[in-house]
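Taking it in order: structure first as structure tokens, then the write-up.
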Amino acid sequence: MQTLHLDLKPVAENYVELRYFVNNPNQYEKRSLCLTEVADLIELAERDYYVSSLPEDYTVTGRRLYNWLDGSDRTLQPLLDKHRREGIVLAIATSEKLAHLPWEVLHDGNGFLVQRVPAIVPVRWVSDSTVKKIDH
């Protein structure tokens, strides 16, 4: 099973940099994401997600998060397709308000990623900027 790392780091007041890599954190691709696109999801997650039922349907929330990560240039989908047969661990490192988002409900429009066979399993990952190589 392959691990795809997604590292979301704040770079400006309303933007995060998404760095993604498979094996070597020093060989990553990156793009900028606007937090305004998910600001309402952050607010809902902080207020409701872990204490009561989410006011928005999980499918809708998961689809919005997936589309935000995938972007208009469809960055995420080809990476997932590349490793689809072996299964994928989607290691997501976030900080601050993004840590509260329900990454486990990621939905690509066809279904929740965790329902795939083999599964695409989102996990929370603690990024360490001093790490040079991740051993498996």
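Each residue takes its place number in the sequence, starting with 1.
Residues passing the side-chain contact (heavy atoms from CB on, under 4.5 Å) test with P118, sequence neighbours excluded: none. Shown here are the side-chain contact (heavy atoms from CB on, under 4.5 Å) partners of V16, two or more places apart in sequence or in another chain: L8, L33, L35, W68, L98. For E37, there are no salt bridge (Lys or Arg N to Asp or Glu O under 4.0 Å) partners two or more places apart in sequence or in a different chain. Qualifying side chain to side chain donor-acceptor pair (under 3.5 Å) partners for Y20, counting only residues two or more places apart in sequence or in other chains: none. S72 is linked by a side chain to side chain donor-acceptor pair (under 3.5 Å) to nothing, counting only residues two or more places apart in sequence or in another chain. Every residue was checked against the salt bridge (Lys or Arg N to Asp or Glu O under 4.0 Å) condition with R85, not counting sequence neighbours, and none meets it. Here Q115 pairs with F112 under the side-chain contact (heavy atoms from CB on, under 4.5 Å) rule; sequence neighbours left out. In this structure R63 satisfies the salt bridge (Lys or Arg N to Asp or Glu O under 4.0 Å) test with no other residue, sequence neighbours excluded. Remark: D81 engages Q77, R84 in a side chain to side chain donor-acceptor pair (under 3.5 Å) (not counting sequence neighbours). With sequence neighbours left out, K82 forms a salt bridge (Lys or Arg N to Asp or Glu O under 4.0 Å) with no residue at all.
Note that CG of L6 is 4.5 Å distant from CG of L90, once rounded to the nearest 0.5 Å. The structure places CG of L113 at 6.5 Å from CG of L80, a figure rounded to the nearest 0.5 Å. Going from atom CZ of F21 over to atom OG1 of T3 covers 9.5 Å, rounded to the nearest 0.5 Å.
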Begin with the C-alpha distance, continue with both residues' side-chain angles, and end with the deciding distance and a verdict on side-chain contact (heavy atoms from CB on, under 4.5 Å) for R64 and L41.
CA-CA 9 Å; R64 289 190 56 207; L41 289 180; 3.6 Å; yes
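In this structure, L65 and P102 approach most closely via the heavy-atom pair CD1-O, 3.7 Å. Minimum heavy-atom separation, A99 to T94: CA-OG1, 3.0 Å. For the pair L76 and D70, the tightest heavy-atom approach, listed with the atom from each and the gap, is N-OD1, 2.8 Å.
Sorted by first and then second residue, the salt bridge (Lys or Arg N to Asp or Glu O under 4.0 Å) pairs with a member in residues 22-31 read E17-K30, R31-D73; sequence neighbours excluded.
Within the hydrophobic cluster formed by Ile, Leu, Val, Met, Phe, Trp and Tyr side chains joined at under 4.5 Å, directly or through other members, V11 is accompanied by Y15.
Side-chain contact between L69 and L106 is present, with at least one heavy-atom pair separated by less than 4.5 Å.
Residues V22 and I120 share a hydrophobic cluster, clusters being chains of Ile/Leu/Val/Met/Phe/Trp/Tyr side chains in contact below 4.5 Å. When the side chains of ILVMFWY residues are joined at heavy-atom separations under 4.5 Å, either directly or via intervening members, V89 and V114 end up in two distinct hydrophobic clusters.
Checked against a 6.0 Å centroid threshold, the rings of H107 and Y66 do not count as neighbours.
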